[in-house]
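In each ligand, atom 1 is the first atom listed, and ligand 1 is the first ligand listed.
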Amino acid sequence: MSETNLRVLITEDKIQARIRELGEKISKDYPVGNLHMICILKGAAWFMTDLTRALSREVFVDFMGISTYGKGKTSSGEVRVTKDLDISLEGADVLIVEDIVDSGVTLNYLMHVLDQRKPRSIRIAALLDKPERRLRPVHVSYVGFEIPDEFVVGYGLDYGEKYRNLRDICVVEDAGPTPA
Ligand code: IMP
Ligand code: MG
């Protein structure tokens with residue numbers, strides 16, 4: 001048996017302060033036009049709802065489900081759309097909202113898929129970025145925090161579907177075998 005310990009990496013206050021900054025920056029960068037924010041389910045839902053409320057302009061929201069065929073700490077690299085968008089992106093400024101960029105496989109794939117729908121522009125906002133882990137190139141225009149190569153949970157992020165509702169972002173540490 002191994003026990004799981006959680007260590008706080010980014011507190012709720014720091015997350016919320018950074019999201020307010022990102023909201024201001026995005027509002028300035030998109031002064032006019034139709035802004036469509038696309039939330040990648042499920043993990044980015046927490047970031048998405050806070051980020052939209054940090055904007056001082058109007059926004060359309062939509063949700064997309066992506067599966068990377070992984071239930072533990074790693075994904076296999078195979079990407080599939082499990083829930084598609086409801087609204088057309090033609091002529092819109094699109095902002096993909098993701099919880100974390102790790103290998104880059106998911107977002108690299110998604111950029112190609114969404115680019116075919118004739119948006120005016122596409123950018124990415126990600127709350128967390130683990131640049132050390134990148135396998136595919138991805139340009140992230142709005143990054144909340146760069147973090148080291150550690151597995152994190154909370155504020156939407158899960159480990160086997162657990163811990164999404166934690167307010168802070170925490171590192172999962174396997175404590176190893178429990179002494180008898
Ligand atoms: P990528 O395709 O490898 O960039 O993976 C991105 C997806 O992997 C994210 O949307 C998360 O669902 C998941 N992921 C990557 N790193 C972590 C982590 O540290 N904690 C929880 N989920 C993660
Ligand atoms: Mg995800």
Going by the order shown, which atoms of ligand 1 are within less than 4.0 Å of some heavy atom of [X]?
X      : answer
Leu157 : 21 (C), 22 (N)
Glu98  : 10 (O)
Thr106 : 1 (P), 2 (O), 5 (O), 6 (C)
Gly104 : 1 (P), 3 (O), 4 (O)

Is [X] close enough to touch ligand 1? Criterion: a residue heavy atom under 4.0 Å from a ligand atom.
X      : result
Gly43  : no
Asp158 : yes
Val152 : yes

Less than 6.0 angstrom separating the ring centers of Tyr159 and Phe151, yes or no? yes
Arg167, CZ: over 12 other non-hydrogen atoms inside 6.0 angstrom: no
On a heavy-atom basis, I'd like to know which of Ile40, Leu41, Ile100 is closest to atom 6 (C) of ligand 1. Ile100
Shortest reach to atom 19 (O) of ligand 1 by a heavy atom, considering only Arg133, Arg136, Lys130: Lys130
Indicate yes or no for a side-chain donor-acceptor contact from Ser27 to the backbone of Ser56 under 3.5 Å, with no hydrogens or angles considered. yes
Donor-acceptor pair, Asn34 side chain versus Ala92 backbone, under 3.5 Å? no
Could you please spell out the steps behind the side chain to side chain contact (heavy atoms under 4.5 Å, CB included) verdict for Leu85 and Leu114? CA-CA 10 Å; Leu85 300 173; Leu114 297 184; 4.0 Å; yes
Would you say Val101 ends up clustered with Val113 if hydrophobic residues are merged whenever their side chains have heavy atoms under 4.5 Å apart, either directly or through other cluster members? yes
Are Leu107 and Val81 connected, step by step, through hydrophobic side chains (Ile, Leu, Val, Met, Phe, Trp, Tyr) whose heavy atoms are closer than 4.5 Å? yes
